[in-house]
Amino acid sequence: MRSAKYKSMAEAILMPRLSDTMTEGVIAAWHKNVGDTVKKGDLLAEIETDKATMELESYQEGVLLHRGAGDGSKLQVNDLLAIIGRAGEDVTALIAENPGSGNGASESTATPPPAEVSQPSPAPASIETGIGEQASPPATAPVEQPVDKPAEKPVGDLDISTMEEVVLMPRLSDTMTEGVIAAWNKNVGDAVKKGDVLAEIETDKATMELESYKDGTLLYQGAKPGEKIQVNDLLCIIGKEGLDVQAIVAAAKGGSVPQQEAAPANEPAPQAQQTAAGETAPQQQTAASQPAQPQSAIPEPASSQPQQQQIVNDGRILASPLAKKLAEEKGIDLRYVKGSADNGRIVKSDIDNYKPTQQPAPQATATQTPAAPKAAEQQAPSQVASAPAGQVSFDEVPVSQMRKTVARRLAESKFSAPHFYLTMSIDMDSAVASRVKLNEVSKVKISFNDIVLKAVAVSLKQHPKVNSSWLGDKIRYNHHVNIGVAVAVEEGLLVPVVRFADTKSLSQIAAEVKDFAQRAKDKKLQPADWEGSTFTISNLGMFGIDEFTAIINPPDACILAIGGISQVPVVKNGQVVPGNIMKVTLSCDHRVVDGATGSAFLQTLKSFLEEPLRMLV
């Protein structure tokens with residue numbers, strides 16, 4: 001019985017679909033090797049999807065017998081990822097039953113031989129098996145090994161989307177169509193390791209760091225800082241020196257190929273030119289060759305060599321959000337700060353105790369470099385030149401990616417969805433008194449916006465027609481309540497989502513909203529944070545606005561505009577007394593919500609806010 005059980009123990013693990021738009025995943029890193037013991041909940045690997053890098057945990061116990069691909073390799077959804085079973089168990093049949101495993105193996109054979117062959121001695125290719133006799137699958141893999149060599153010849157039919165050396169502009173948000181290079185963190189000729197930040201990409205919603213998922217040398221950059229690249233266009237090339245970059249660039253469909261062909265052909269030249277530019281024309285260099293400025297500025301001081309020796313964080317830097325913020329404010333380069341927390345993570349105390357005695361030049365560079373990509377945006381509001389009387393003067397600032405998307409989406413909503421508006425005044429006396437008592441016991445300060453959000457969530461459960469979406473030929477009535485909270489940032493507007501808000505306490509909502517607001521201002525929100533709303537609220541009460549109308553955030557059917565609480569004379573029990581009145585305006589998509597439906601929702605919301613205890617029932 002025991003042996004029979006082990007015979008059927010081996011189980012194939014297929015590449016899961018980790019996001020709604022995922023079609024393939026890249027093995028960012030394996031955390032278990034072939035032959036390792038695996039327990040339930042153990043971290044098997046980190047999988048890079050189209051939206052984020054996610055951890056994959058094991059759901060069974062056993063020994064890792066097979067890995068379908070090596071680090072940095074791609075696997076399609078439902079391809080064979082791994083096999084877990086009993087030590088020594090024959091997994092040949094399982095590999096044969098999963099034809100997708102061949103695809104995963106063939107894709108990984110192009111990259112593992114240079115770096116990974118020396119690590120697992122039994123398996124020379126990316127197909128790793130716990131059985132030493134299983135040499136037949138790798139025997140077919142080396143046939144495809146010269147996949148790098150055709151790229152070194154000027155072949156016109158190269159499919160760059162399948163080449164491991166090619167990095168295409170990823171879709172970093174659900175509405176992203178193009179990205180702007182805010183800054184390059186690596187220059188042509190620099191060595192790149194897995195996890196290193198290649199560049200900062202400005203999307204339509206935030207500026208995000210793009211990490212490398214493979215080792216090699218940066219051979220080509222598809223655009224300069226400030227330039228745009230369409231999604232799936234050539235972003236950069238990472239590989240071995242000697243790779244025919246021009247053949248890959250010629251095969252790419254990007255329109256900026258002729259401008260960048262000179263960069264890989266003269267790899268030492270850009271550094272020499274950039275250094276000369278830093279000595280003769282530093283002002284022009286700030287605008288034209290921004291990513292080269294840190295490297296040209298660092299070698300100038302006499303103490304540059306000791307600074308390079310003191311770098312303690314090479315590659316991806318682990319630091320808390322507060323530590324990053326403090327470091328940015330103080331002009332401290334985190335590469336020189338030694339972390340005291342787990343895994344060398346930098347925390348607030350490390351920044352407070354850091355003494356930058358030997359790093360004056362990098363401090364100046366660190367404070368100037370992030371500002372350079374947005375010099376035009378910052379100069380417009382803060383450095384407006386005075387115009388002589390009678391002379392027309394103005395500044396023109398390029399539209400950011402976020403502003404473009406905000407303009408496009410709101411215009412589509414306004415001109416496609418028939419809006420109508422319902423305004424109601426709400427007596428907030430009880431809410432004001434309740435908030436004081438709640439904050440006496442709550443660990444997190446609860447705002448009026450948090451109370452309104454909770455009341456909206458509970459009201460939506462009673463009015464599902466308001467918690468809906470227009471999908472063209474059908475209407476979706478959502479059973480879950482995900483409320484988007486509009487957050488203003490310098491470049492535009494972001495709407496992070498409080499999920500399942502009806503099930504959360506006021507303290508939980510307050511903590512989550514504060515975290516979202518801070519991360520939005522720090523540009524640290526991820527695509528998953530702003531996707532999936534079913535209703536949206538927008539609050540301008542803190543700016544002294546009494547009432548306003550908001551534009552619906554598609555695909556939601558409604559948005560609630562919240563004004564400030566004003567003390568006005570009201571009539572209570574036949575007497576005129578001061579009262580706290582707040583006005584709210586509900587914008588409705590008339591294709592989904594009728595006037596009576598929206599009015600009933602506002603009545604329920606009014607009852608909850610005027611008697612907050614009812615929300616707890």
Side-chain angles (χ1 to χ4, degrees), residues 422-463 466-467 481-488 496 498-518 535-550 558-587 598-617:
L422 302 171
T423 302
M424 179 173 285
S425 297
I426 300 176
D427 185 354
M428 296 292 288
D429 283 347
S430 297
V432 171
S434 299
R435 176 174 175 265
V436 174
K437 296 180 180 180
L438 288 170
N439 281 328
E440 291 177 356
V441 297
S442 176
K443 296 181 180 180
V444 182
K445 185 177 180 181
I446 298 172
S447 67
F448 289 111
N449 189 72
D450 303 326
I451 296 175
V452 174
L453 192 153
K454 177 65 175 180
V456 167
V458 178
S459 301
L460 288 173
K461 294 297 289 185
Q462 299 185 20
H463 300 275
V466 179
N467 192 39
V481 178
N482 290 350
I483 298 183
V485 182
V487 177
V498 179
R499 304 183 187 279
F500 310 108
D502 57 310
T503 65
K504 295 181 177 179
S505 66
L506 284 170
S507 298
Q508 291 174 320
I509 291 173
E512 194 166 337
V513 171
K514 285 179 174 60
D515 177 63
F516 279 144
Q518 186 61 47
F535 189 93
T536 305
I537 63 173
S538 179
N539 190 346
L540 294 179
M542 67 285 294
F543 298 106
I545 303 300
D546 292 331
E547 60 178 305
F548 67 102
T549 57
C558 298
I559 183 172
L560 185 71
I562 306 168
I565 300 175
S566 303
Q567 282 196 338
V568 297
V570 297
V571 178
K572 291 185 178 181
N573 300 322
Q575 296 182 350
V576 178
V577 296
N580 296 289
I581 300 300
M582 180 182 72
K583 290 185 178 181
V584 296
T585 300
L586 183 67
S587 304
S599 300
F601 167 78
L602 286 180
Q603 287 180 341
T604 302
L605 176 64
K606 178 184 176 74
S607 67
F608 284 135
L609 290 175
E610 292 185 346
E611 297 182 30
L613 288 177
R614 297 183 58 186
M615 290 188 290
L616 305 178
V617 178

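Residues Val513 and Leu453 are in side-chain contact: their nearest non-hydrogen atoms beyond the backbone lie under 4.5 Å apart. Under the 4.5 Å side-chain criterion, counting only non-hydrogen atoms from C-beta, Met582 is in contact with Leu609. Taking the side chain as every heavy atom from C-beta outward, Asn482 and Phe500 approach each other to under 4.5 Å. In this structure the side chain of Asn449 reaches within 4.5 angstrom of the side chain of Val485, judged on heavy atoms. Leu586 places none of its side-chain heavy atoms less than 4.5 Å from the side chain of Leu605.
Interatomic distance, Cys558 SG to His463 NE2, rounded to the nearest 0.5 Å: 11.5 Å. With rounding to the nearest 0.5 angstrom, the OG1 atom of Thr604 is 14.5 Å from the NZ atom of Lys461. Going from atom OG of Ser430 over to atom CG of Leu613 covers 8.5 Å, rounded to the nearest 0.5 Å. Between the CG atom of Asn539 and the CD1 atom of Ile562 there is a distance of 4.5 Å, given to the nearest 0.5 Å. Interatomic distance, Asn467 CG to Leu460 CG, rounded to the nearest 0.5 Å: 5.0 Å. Here NZ of Lys454 is found 5.5 Å from CD1 of Ile509. Values are rounded to the nearest 0.5 Å.
Between Ala455 and Ser459 the shortest heavy-atom distance is O-OG, 2.7 Å. Contact detail for Val498 and Glu512: the closest heavy-atom pair is CA-OE2, 3.8 Å. The minimum heavy-atom distance linking Ser538 with Ile559 is given by the pair CB-CD1, 4.4 Å.
Partners of Ser447 according to the side chain to side chain donor-acceptor pair (under 3.5 Å) rule, which considers only residues two or more places apart in sequence or in another chain, are Asp450. Applying the side chain to side chain donor-acceptor pair (under 3.5 Å) test to Gln603 and every residue at least two apart in sequence or in another chain returns nothing. Applying the side chain to side chain donor-acceptor pair (under 3.5 Å) rule to Thr423 yields the partners Thr585; only residues at least two apart in sequence or on another chain are considered. The ring pair (Phe, Tyr, Trp, His ring centres under 6.0 Å) test applied to Phe608 returns no partner, not counting sequence neighbours. With sequence neighbours left out, the side chain to side chain contact (heavy atoms under 4.5 Å, CB included) criterion links Lys583 to Ser425, Glu547. Residues that satisfy the side chain to side chain donor-acceptor pair (under 3.5 Å) test with Asp502, not counting sequence neighbours, are absent from this structure.
Formation of a donor-acceptor pair under 3.5 Å by the Lys504 side chain with backbone atoms of Ala510 is not found in this model.
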Under 3.5 Å, side-chain donor or acceptor atoms of residues 568-576 against the rest of the protein: list the pairs with distances, not counting sequence neighbours.
residue, atom, partner, partner atom, Å
Lys572, NZ, Asp427, OD2, 3.2
Lys572, NZ, Asp429, OD2, 2.4

Please tabulate, for side-chain N and O atoms in residues 435-442, each donor-acceptor pair with protein atoms closer than 3.5 Å (sequence neighbours left out).
residue, atom, partner, partner atom, Å
Arg435, NE, Ile446, O, 2.8
Asn439, OD1, Ile446, N, 2.7
Asn439, ND2, Arg435, O, 3.4
Asn439, ND2, Ile446, O, 3.3
Ser442, OG, Val444, N, 3.2
Ser442, OG, Val444, O, 2.6
Ser442, OG, Ser507, OG, 3.0

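Residue pairs meeting the salt bridge (charged side-chain N to carboxylate O under 4.0 Å, His left out) criterion with at least one partner in residues 608-617, sequence neighbours excluded, are Lys606-Glu610.
Between Phe535 and Phe601, the distance separating the two ring centers is shorter than 6.0 angstrom.
Counting non-hydrogen atoms of other residues, nucleotides and ligands closer than 6.0 Å to NZ of Lys514 gives a total above 12.
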